[in-house]
Amino acid sequence: MQQDPLSPSRQGHVLSEQEILRRQALDHLKALGIDPYPSSAFQRSHSTQEIHTTFKDEEAASWTSVSLAGRLMSRRIMGKASFAELQDATGRLQIYLNRDELCPGDNKDLYNEVFKKHCDIGDWVGVRGRVFRTQVGEISVHAEEFVFLSKALRPLPVVKRDEEGKVYDGFTDPELRYRMRYVDLVVNPEVRQVFVQRSRMIEVMRQFFNRNGYLEVETPVLQPMYGGASARPFKTHHHTLDMPLYLRIANELYLKRLIVGGFEGVYEFARDFRNEGMSRFHNPEFTMLELYVAFQDYHWMMQQTEALLEEIALALHQKSTLQVGSHTIDFKAPYRRVTLYDAISEKVGSKVDAMDEEGLRLLAKKHSIEIDASMGRAKLLDTLFGELVEPHLIQPTFVTDYPVEMSPLAKAHRDKPGLVERFELICNGKELANAFSELNDPLDQRERFEAQLALGRRGDPEAMMLDEDFLRALEFGMPPTAGIGIGIDRLAMMMTNSASIQDVLFFPQMRPERNDV
RNA sequence: GAUUCCGUAGCUCAGCAGGUAGAGCAAUACACUUUUAAUGUAUGGGUCCUGGGUUCGAAUCCCAGCGGACUCACCA
């Protein structure tokens with residue numbers, strides 16, 4: 001298209017017709033002596049929500065001067081009168097502009113030029129006037145003053161909703177929504193709601209932990225040695241120290257050092273990084289809550305966890321049950337507890353507790369589960385559980401007592417040889433939390449690390465590194481401790497009934513855009 | 001990483017037995033002083049993701065690439 005010389009294009013981007021028109025509107029506003037980007041503060045008396053909830057018709061006489069600010073989301077111009085909708089953080093409110101009341105004198109520019117011609121959907125404006133109810137019953141603000149707060153140069157998608165809330169011309173392309181979350185948030189109010197709920201969920205958790213006297217702490221994101229989980233890390237380099245550093249895959253080992261140091265309850269909402277595949281359940285960076293409490297064990301941690309989740313559900317939904325996909329899930333405590341062995345045995349109809357590797361292999365074959373020769377007994381159990389049991393655990397369930405080979409940081413079971421005191425909380429067929437009575441025997445921990453090293457030598461890319469400083473800390477003595485990690489994004493997905501992790505992250509990881517932003 | 005599907009106007013989409021692009025909303029102009037998916041009339045707006053190929057002719061068919069969605073596999 002022909003480029004208007006008054007409207008410089010951005011690098012590598014040809015302006016659309018609507019962008020050119022908006023730039024011209026900007027110039028017209030300036031010519032009228034209006035600053036499209038004023039610096040002075042705009043004093044608001046109310047939010048749109050406050051007006052909606054507190055205005056009463058019989059008190060209309062006292063609502064003669066309110067001021068509100070927001071983004072213009074629609075305009076209905078009918079000659080000398082117009083309606084428009086203003087959206088702020090709390091919602092939308094209709095404003096009514098009447099030419100002769102907005103412009104009592106001879107100069108009608110403010111209405112005819114500024115509002116009708118140079119104002120666009122997406123612009124930020126401020127309005128002062130009186131509250132009233134229209135003939136159709138809509139609470140509105142009758143504008144006596146109208147000021148520009150910020151001009152939008154790009155057209156916003158115009159999403160319309162009818163009386164039943166049916167959406168027309170929705171802004172739905174997932175790629176555009178994730179890449180331009182700012183636009184998504186403006187036009188899709190339910191998106192904002194998801195993130196408000198996520199924030200509220202974390203607030204409830206923080207209150208729960210603080211109330212119990214645990215200390216919120218911060219530990220290194222850049223670690224010389226990654227640990228605390230089995231995953232491939234992101235690697236970077238520190239120039240001054242000339243050494244490799246890893247972005248943490250977990251903070252477990254640091255929090256336990258703090259327990260050694262004498263804190264009796266520590267927690268951190270940790271951003272962790274794992275250099276692995278992406279899917280609707282996986283983002284390269286994600287948030288995990290880790291909590292460690294001295295003098296407690298995993299039984300206590302189960303009680304704590306179910307109390308926490310029930311509290312979150314109640315805070316977000318005013319009831320313990322919520323709809324997640326096609327299931328109704330009840331977070332009311334207590335939750336079912338079942339051992340890993342029993343969970344599998346129930347499903348396959350024969351006891352797996354004493355089965356050896358060969359028996360498990362036959363079992364896997366019988367259920368046509370793919371296995372390979374390198375799998376040991378623990379891995380086979382894990383696979384059987386993941387294939388046969390986990391997808392069917394819809395209601396919150398604590399699965400307990402895992403083989404020691406799968407859990408190098410968990411304490412040996414007090415009376416079941418070969419197992420550790422560990423539980424995973426499964427909900428809606430997915431793992432929500434992982435917890436143990438923490439291993440505090442430094443000699444046992446060293447042996448576990450060495451077993452991991454052996455796995456690494458055999459080529460397991462996720463085998464743990466041996467953390468000599470962590471062992472030194474344990475050798476100074478760590479009290480018996482219960483610890484847990486909760487996937488915050490997964491929990492947020494569940495609590496907001498979101499199908500994808502991208503829906504609970506403001507800016508999910510995407511491939512870079514190529515050109516022409 | 002593998003499979004399937006998708007990429008056309010600012011947004012949502014149609015167009016695909018190959019003949020050179022269409023709707024609604026948004027935009028522009030006019031009318032309209034309580035409308036609400038406002039309405040009426042008129043108008044403008046497109047490297048049809050990119051690059052090759054087949055063809056007289058490609059948005060449409062073929063190949064490759066880029067981006068996205070979905071399902072699957074590992075991990076939270």
Side-chain angles (χ1 to χ4, degrees), chain A residues 1-2 14-22 24-25 73-85 92 94-102 111 116-117 120-122 132-138 140 142 152-180 183 187 229-232 249-250 270 272-290 370 382-383 386 424-425 430-434 461-462 485-491 493 499-502 510-516:
Chain A
M1 82 178 300
Q2 205 63 30
V14 178
L15 293 179
S16 68
E17 177 191 38
Q18 292 195 41
E19 289 176 295
I20 291 170
L21 287 165
R22 284 174 181 236
Q24 289 171 346
M73 296 304 287
S74 73
R75 293 197 302 164
R76 292 181 286 275
I77 297 172
M78 299 175 309
K80 299 178 187 65
S82 297
F83 291 91
E85 280 176 294
R92 285 190 190 187
Q94 179 170 267
I95 59 175
Y96 173 70
L97 299 97
N98 181 302
R99 188 193 69 182
D100 295 324
E101 291 177 70
L102 190 63
Y111 183 77
K116 275 174 74 176
K117 288 208 167 122
D120 289 294
I121 288 174
F132 75 113
R133 193 183 289 272
T134 65
Q135 291 178 351
V136 201
E138 181 91 9
S140 309
H142 191 128
L153 294 183
R154 291 193 185 227
L156 212 54
V158 177
V159 179
K160 299 202 171 191
R161 286 176 175 75
D162 66 16
E163 281 175 14
E164 288 91 49
K166 194 160 181 287
V167 175
Y168 299 82
D169 303 307
F171 181 62
T172 54
D173 183 325
E175 178 175 4
L176 292 177
R177 288 184 47 217
Y178 299 146
R179 289 200 191 281
M180 297 191 281
V183 174
V187 303
S230 298
R232 287 168 57 191
I249 57 173
D272 292 341
F273 306 84
R274 298 189 184 175
N275 207 342
E276 297 175 333
M278 290 162 60
S279 75
R280 75 190 177 96
F281 293 104
H282 301 88
N283 196 66
E285 54 182 291
F286 64 100
T287 304
M288 182 143 67
L289 173 278
E290 292 203 40
E370 219 173 290
D382 189 40
T383 305
E424 290 195 352
L425 175 62
K430 282 277 166 193
E431 180 189 337
L432 258 194
N434 184 18
E462 296 186 344
I486 300 176
I488 292 298
D489 312 286
R490 297 261 176 101
L491 186 57
M493 284 170 67
S500 166
I501 197 168
Q502 293 169 305
M510 308 273 289
R511 284 194 172 76
E513 285 178 275
R514 273 178 315 158
N515 49 27
D516 196 32

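Chain A is the first sequence line, chain B the second, and so forth, proteins listed ahead of strands; every chain is numbered from 1. As the structure is a prediction and not an experimental result, all values here were calculated from the model.
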Roughly how far apart, to the nearest Å, are B/G52 and B/C5 at atom P? 26 Å
A/L21 has its side chain closest, among B/U28, B/C25, B/U36, to B/U28
Does the ring of A/F83 lie flat against the base of B/A38, closer than 5.5 Å centre to centre with planes under 30°? no
With respect to the side chain of A/R511, which nucleotide from B/G68, B/U33, B/U35 is positioned closest? B/G68
Checking N1-N3 plus N6-O4 or O6-N4 for Watson-Crick, or N1-O2 and O6-N3 for wobble, each under 3.5 Å, the partner of B/C25 is B/G10
Integer angstrom distance from the P of B/A14 to that of B/G7: 8 Å
Give me the distance, rounded to whole Å, that separates B/C6 from B/C49 when you measure between the C1' atoms they each carry. 11 Å
Quick one: which of B/G24, B/C30, B/A27 gets closest to the side chain of A/K117? B/C30
Closest heavy-atom pair, A/R179 versus A/R511, reported as atoms and distance to 0.1 Å, is NH1-O, 2.6 Å
Are any of A/R76's side-chain N or O atoms less than 4.0 Å away from OP1 or OP2 of B/U35? no
Considering only the C1' atoms, how many Å lie between B/C32 and B/U20, rounded to the nearest integer? 41 Å
When you measure from the side-chain N and O atoms of A/R179 to the phosphate of B/G68, is any distance below 4.0 Å, counting only OP1 and OP2? yes
Among B/U34, B/U28, B/U36, the nucleotide that comes nearest once only the side chain of A/V136 is considered: B/U36
So if I take every side-chain heavy atom of A/L176 and compare against B/G67, B/C11, B/G24, which nucleotide ends up nearest? B/C11
NA contact type, A/D173, heavy-atom cut-off 4.0 Å: base, sugar-phosphate, or nothing? sugar-phosphate
Which of these nucleotides, B/A26, B/U34, B/U36, is closest to any side-chain atom of A/I121? B/A26
Which listed nucleotide (B/G10, B/A38, B/A37) is nearest to the side chain of A/P155? B/G10
Which atoms of nucleotides 70-72 of chain B (N or O only) lie under 3.5 Å from a protein N or O atom, and what are those distances?
{"unit_1": "B/U71", "atom_1": "OP2", "unit_2": "A/R280", "atom_2": "NE", "d": "3.3"}

Would you find a donor on one side and an acceptor on the other, under 3.5 Å apart, between the side chain of A/R22 and the backbone of A/A152? yes
Taking atom C1' in both B/G65 and B/G44, compute the distance separating them and give it to the nearest angstrom. 35 Å
Without swapping roles, check the side chain of A/Y168 against the backbone of A/V158 for a donor-acceptor pair under 3.5 Å. no
State whether A/K160 places a side-chain N or O below 4.0 Å from either non-bridging phosphate oxygen (OP1 or OP2) of B/U36. no
Complement of B/G40, any strand, by Watson-Crick or G-U distances under 3.5 angstrom: B/C30
To the side chain of A/T172, which of B/U34, B/G67, B/C13 is closest? B/C13
Contact class for A/N283 vs. all strands (heavy atom < 4.0 Å): base, sugar-phosphate, or nothing? base
Do the rings of A/Y96 and A/H142 sit parallel, tilted or perpendicular, given the 30° and 60° boundaries? perpendicular
Could you measure between the two C1' atoms, the one in B/U35 and the one in B/U4, and give it in whole Å? 47 Å
Looking at B/A27, does its base get a donor-acceptor pair with the side chain of A/E17 below 3.5 Å? no
Any strand counts, and the cut-off is 3.5 Å on both contacts for Watson-Crick or G-U wobble. Which nucleotide pairs with B/U55? none
Picking from B/C32, B/G68, B/A27, the nucleotide nearest the side-chain atoms of A/K80 would be B/C32
Taking the same atom, C1', in B/A38 and in B/G57, what whole-Å distance lies between them? 46 Å
I'd like the C1' distance from B/G53 over to B/C72, given in whole Å. 34 Å
Are any side-chain N or O atoms of A/D489 and backbone N or O atoms of A/T287, one a donor and one an acceptor, separated by less than 3.5 Å? yes
Ignoring the backbone of A/Q94, work out which of B/C11, B/U36, B/U33 is nearest its side chain. B/U36
